[in-house]
Undergrad: 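Provided herewith is a single structure, encoded as structure tokens, for subsequent inquiry.
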Amino acid sequence: MTEMYNHHVIEKKWQKVWDEKNPFKAEDDYSKPKFYALVEFPYPSGQGLHVGHPRPYTALDIVSRKRRMQGYNVLFPMGWDAFGLPTENYAIKNKIHPAVVTKNNVERFKNQLKSLGYSFDWEREVNTTDPDYYKWTQWIFLKLFKAGLAYKKEMPINWCTSCKVGLANEEVVNGVCERCGGEVVRKVKSEWMLKITEYADKLIDGLNDVDYIERVKTQQKNWIGRSEGAEVDFKLKQVDETLRVYTTRPDTLFGATYMVVSPEHPLLDKYKDLIENFDEVVSYREKAALKSDFERTELVKEKTGVCLKGISAINPVNDKEIPVWISDYVLMSYGTGAIMAVPAHDTRDFEFAQKFNLPIIQVVKSTEGEVDLTKEAFTDVATGTMVNSGFLDDLSVEDAKEKIKNFLEEKGIGHRKINYKLRDWVFSRQRYWGEPIPIIECEKCGFVPLKEEELPLLLPEVESYMPTDNGESPLAAITDWVNVKCPCCGGDAKRETDTMPQWAGSSWYFLRYTDPKNTEALASKEALNYWMPVDWYNGGMEHTTLHLLYSRFWHKFLYDENYVTTPEPYQRRTSHGMILGENGEKMSKSRGNVINPDDIVNDYGADTLRTYEMFIGAFDLAVSWSENGVKGCRRFLERVWKLQDLVVDGEEYSKENETKMHQTIKKVSSDFESLKFNTAIAAMMELINVFYKAEKLNKAEYKTLLILLNPVAPHITEEIWEKLGCEGYVYEQTWPEYDEEKTIESTVEIAVQINGKIKGTINIAKDAAKEDVLNIAKEAISSKLEGKNIIKEIYVPGRIVNIVAK
RNA sequence: GCACUAGUGGCGGAAUUGGCAGACGCAACGGACUCAAAAUCCGUCGAGAGCAAUCUCAUGAGGGUUCAAGUCCCUCCUGGUGCACCA
């Protein structure tokens, strides 16, 4: 009898071996085939590792370990996305420097990750808060600035009227401040913006050349929201002024019965003397300022608005006078901040028109029957034909769009316009714990970038990390840091005191891993040329639209500037689902359903935790935690361990197990590649069930099992390998091959149906002729065919026979 | 609200992409071992009817296409993620 499986001893022992031998180090030998596996680096929060973290990490650890056994030079790095709000808030509350908080949190995270036995190359660890790192974050910003992609603009921020500080969206709960419950309003502030919209088309087109899961591509495209429409100028009746609108349905211009402008539209202040009810406008605007964009555009809510008295517009195609309204469902941030309303063919306009009794004119009819415009708008483009539209009548919607666009351009009252839902990236934060923006503002010279040799611009020490009560960052209070001489003219100037958002550091970290200690460049051309692109990047679905787009944008910019060598940063992108609490809800302290991975590692072992997280369910779906499931995986590993009692000599697979061995190798190999870890593990469970049934296995079979299981459970498999007296280590073995011929059983069992219902099964040779199979099948169910007429006989080779009979 | 996504036994989930629904695991139940319990091992395990062979129903609900539907189409219901200053 072999001794008990003691995970405490075994896991420590092998982690020590890996630390000393460092076998998972990525080599700088650029002649080997490379594989770059990347997981999203964590934010080192004060709570320590969450059981959600090991899910993606284990997945790519499995792939990385397998690739090494397949002969690749693998880069599988880890680092820390350590700037951020929670650390700063913790620092404010406990009066500890955020750098100290970060250091402690990183240490804890690192120990936890090491206890899980990941094959990270720790020599390439990066930390976004390290000045040697953020020097290059600032450097990229300067490049963006010099390329004209960074600019300042007045933008609204969330402002707590009671704390008198700017708040992150997350800190605003139901319109009030999360800390004090005070009222939150939008306050306008001049902020740094990055022109991601300039890369909108490239970000869409680039998706054709990468291998992302389909829903990630779809979601990115929808987020960018490219739409082809037209801008149309409407003249105001009372003054010589045009009101420009953006529309995706210029074909419906004849149906425009009123206009709506955003409450923030500049035209309102310009003509406030003309607007007889301007006080109503002002009070409406104040109410709108309290709502977020997404509250404003909610369809279910009752539409509100104010009709401007004293101002009206002229529809340019039929010269009809139409009223102008303001309403909060029109956003200043999309299009021109003004729309032409066509209530007959737009849902929101329809609701608005019904509420305020505005005329609804049909200009599109359906080719598939009557349209009832008293109930809802008719928005179907595919079956639409134009009516009541002068020269557009009888055209299809598609043709009408083309004709009216040409018409607008000929008459000079409008033009084609492509619009994006994507907005430029608000890059300023009025916070301490972020990268300082390396810009000096001089009254004479404007915005002056710091010289590159002055980077990194270090975060200065401050008394308090709390934002100041005029909405500036804490840096603004350090006058001797803020007040500098202009590098251009030598006159008095001031530093930018806003810092960068957390997204900045994570937008290029994958480049730094290729050459993390380089002091001359963000990474050397040679390193980038060899390692990039990332071959496989896994991360959460929640990062699909922000982090993934931001980092692709920066990468594309760096490519255009010739600093990186590939147009796309990531060749393949996959996503994992969340791990929920036992009750099926998101894990959180307040719900009391948080599982600490340290406890699982201690009670069951890292190998069990890894196996369980891979076995728990479909990798891309959210799953609930189950302690009993953990036990089941521990039991599986114990059974693998106890196979030691059954092993007999044998250099080759035994005859009776040969097919099963080859099937398992095939299944596990392909399932690891397609993220089906749960079925890969199930296949290995089936295999050991076969061994137990036979009450024996030979050494060759055991060794193959250990290699297949090693990426999932690296500690226990090394230990058994050693106990078996095998040479070397599992991690340096070659990944097993399978023979397709040997995965196929000589006979197959197939089902026999009558009219699609199963009536029995038959065993046939795998290559039996159709005639023979049908005869055997009919023989097998002859009693049930009696008195029936056979109409049709279907045979799907290796699958099923279906007899259609009456 | 908009975008994406999912719904299968008591539970987590499989199903070669239109071909035997429930692999594998958990829980439960019965048995062996034990003074006993745990662990372990063996067995049963979607629902209903029947002594039984067997039959009927069953993949969120309803309809459709097909020899055949968890898988394809239409309508509806419910859950998850994101919504730009959490990351």
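Here the structure is a predicted model, which means the values were calculated and not measured.
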Undergrad: Looking across every strand, which nucleic acid part, if any, lies under 4.0 Å from Ser45(A) by heavy atom: base, sugar-phosphate, or nothing?
TA: nothing
Undergrad: Asn678(A) side chain N/O closer than 4.0 Å to the phosphate oxygens (OP1, OP2) of A14(B)?
TA: yes
Undergrad: Ignoring the backbone of Tyr550(A), work out which of C20(B), A84(B), A68(B) is nearest its side chain.
TA: A84(B)
Undergrad: Consider the side chain of Asn628(A), meaning its heavy atoms from C-beta on, and name the nucleotide among G19(B), C86(B), A27(B) that approaches it most closely.
TA: A27(B)
Undergrad: Of all the choices, U81(B), C20(B), C85(B), which nucleotide is nearest to the side chain of Trp503(A) once you look at every atom?
TA: C85(B)
Undergrad: In whole Å, I'd like the distance from the CD atom of Glu793(A) to the P atom of C67(B).
TA: 16 Å
Undergrad: Side-chain N or O of Arg429(A) versus OP1/OP2 of C85(B): is the shortest distance under 4.0 Å?
TA: yes
Undergrad: Could you please name the option among A3(B), A84(B), C85(B) that lies closest to any side-chain atom of Trp223(A)?
TA: A84(B)
Undergrad: To the nearest angstrom, how far is Trp625(A) atom CH2 from G80(B) atom P?
TA: 21 Å
Undergrad: Test for a donor-acceptor pair under 3.5 Å between the base of C85(B) and the side chain of Glu191(A), counting only N and O atoms.
TA: yes
Undergrad: Would you say Gln219(A) and Tyr212(A) are linked by a side-chain donor-acceptor pair, where the criterion is simply a distance under 3.5 Å?
TA: no
Undergrad: Within the 4.0 Å heavy-atom criterion, would you say Ala683(A) contacts the bases, only the backbone, or no part of the nucleic acid?
TA: nothing
Undergrad: NA contact type, Ile681(A), heavy-atom cut-off 4.0 Å: base, sugar-phosphate, or nothing?
TA: nothing
Undergrad: Output the rounded distance in Å from NZ (Lys421(A)) to P (A3(B)).
TA: 8 Å
Undergrad: Hey, is Lys152(A) close enough to Glu496(A) for a salt bridge, meaning N to O under 4.0 Å?
TA: yes
Undergrad: Given A23(B), C86(B), G19(B), identify the nucleotide with an atom nearest to the side chain of Thr679(A).
TA: A23(B)
Undergrad: In terms of the nearest nucleotide of RNA chain B, which residue is placed more toward the 5' end: Val216(A) or Met578(A)?
TA: Val216(A)
Undergrad: We want to know whether Arg226(A) and Asn419(A) form a side-chain donor-acceptor pair, criterion being a heavy-atom distance below 3.5 angstrom.
TA: no
Undergrad: Using a cut-off of less than 4.0 Å, is there contact between a side-chain N or O of Arg635(A) and OP1 or OP2 of C26(B)?
TA: yes
Undergrad: For Tyr90(A) and Trp433(A), I'd like to know if the aromatic rings sit close, meaning centre-to-centre distance below 6.0 Å.
TA: no
Undergrad: Judged by each residue's nearest nucleotide on RNA chain B, which is more toward the 5′ side, Arg431(A) or Ile803(A)?
TA: Ile803(A)
Undergrad: Where the side chain of Asn802(A) is defined as all heavy atoms beyond and including C-beta, which of U81(B), G19(B), G13(B) is the nearest nucleotide?
TA: G19(B)
Undergrad: Would you indicate what Lys221(A) reaches in the nucleic acid, counting non-hydrogen atoms under 4.0 angstrom: base, sugar-phosphate, or nothing?
TA: nothing
Undergrad: Counting side-chain heavy atoms from C-beta on, which of C57(B), C24(B), A14(B) comes nearest to Ala682(A)?
TA: C24(B)
Undergrad: Nearest-Å distance, CD1 (Ile794(A)) to P (G18(B))?
TA: 16 Å
Undergrad: Assign His547(A) to base, sugar-phosphate, or nothing according to its heavy-atom contacts below 4.0 angstrom with the strands shown.
TA: nothing
Undergrad: Over all strands shown, is Val796(A) touching base, sugar-phosphate only, or nothing at heavy-atom distances under 4.0 angstrom?
TA: base
Undergrad: How close or far is atom C1' of A15(B) from atom CG of Asp671(A), stated in whole angstroms?
TA: 13 Å
Undergrad: Compare the minimum distances between each of A84(B), G19(B), U40(B) and the side chain of Ile800(A), then state the nucleotide with the smallest one.
TA: G19(B)
Undergrad: Does Glu749(A) contact C20(B) through a side-chain donor or acceptor facing the base, at a distance under 3.5 Å?
TA: yes
Undergrad: When you measure from the side-chain N and O atoms of Arg348(A) to the phosphate of G1(B), is any distance below 4.0 Å, counting only OP1 and OP2?
TA: no
Undergrad: When you check the side-chain N and O atoms of Tyr612(A) and Ser626(A), is any donor under 3.5 Å from an acceptor?
TA: no
Undergrad: Name the closest nucleotide to the Glu686(A) side chain, picking from A23(B), G43(B), C20(B).
TA: A23(B)
Undergrad: May I ask you to check whether Phe619(A) and Phe677(A) place their ring centers less than 6.0 Å from one another?
TA: yes
Undergrad: Within the structure, does a side-chain N or O atom of Lys759(A) lie under 4.0 Å from either OP1 or OP2 of C55(B)?
TA: yes
Undergrad: Give one of base, sugar-phosphate or nothing for Ser626(A), where a contact means two heavy atoms less than 4.0 Å apart.
TA: nothing
Undergrad: Measuring centre to centre across the rings, with the benzene-like ring taken for any Trp, is Trp80(A) within less than 6.0 Å of Phe41(A)?
TA: no
Undergrad: For Arg639(A), answer base if it contacts any base atom (sugar-phosphate contacts may also be present), sugar-phosphate if it contacts only those atoms, and nothing otherwise; contact means non-hydrogen atoms under 4.0 Å.
TA: sugar-phosphate
Undergrad: What is the nucleic acid contact for Asp620(A), judged by heavy atoms within less than 4.0 Å: base, sugar-phosphate only, or nothing?
TA: nothing
Undergrad: Would you mind telling me which of A21(B), C67(B), A23(B) lies closest to the side-chain atoms of Ile758(A)?
TA: A21(B)
Undergrad: Between Asp607(A) and Arg634(A), does any NZ, NE, NH1 or NH2 come within less than 4.0 Å of an OD or OE carboxylate oxygen?
TA: no
Undergrad: Is there a salt bridge (charged side-chain N to carboxylate O under 4.0 Å, His left out) between Glu40(A) and Arg573(A)? Walk through the geometry before answering.
TA: CA-CA 11 Å; Glu40(A) 287 171 340; Arg573(A) 168 75 181 192; 3.0 Å; yes
Undergrad: Using only heavy-atom distances, determine whether the side chains of Asp498(A) and Ser473(A) contain a donor-acceptor pair under 3.5 Å.
TA: no
Undergrad: For Glu638(A), report the nucleic acid contact type (base, sugar-phosphate, nothing); a contact means any heavy atom under 4.0 Å.
TA: nothing
Undergrad: Indicate whether OP1 or OP2 belonging to A15(B) is found under 4.0 Å from a side-chain N or O atom of Lys676(A).
TA: yes
Undergrad: Report each atom pair, protein N/O against N/O of nucleotides 62-64 of chain B, whose distance is under 3.5 angstrom.
TA:
none

Undergrad: Is it true that the NZ or CZ of Lys195(A) lies under 6.0 Å from the centre of Tyr151(A)'s six-membered ring and within 45 degrees of the ring axis?
TA: yes
Undergrad: Distance check needed: G25(B) P versus Ile616(A) CD1, whole Å only.
TA: 17 Å
Undergrad: Using only side-chain N and O atoms of Asn755(A), determine if any of them is under 4.0 Å from OP1 or OP2 of C67(B).
TA: no
Undergrad: Nearest-Å distance, CG (Leu548(A)) to P (U81(B))?
TA: 19 Å
Undergrad: To the nearest Å, how far apart are Phe691(A) CZ and C24(B) C1'?
TA: 16 Å
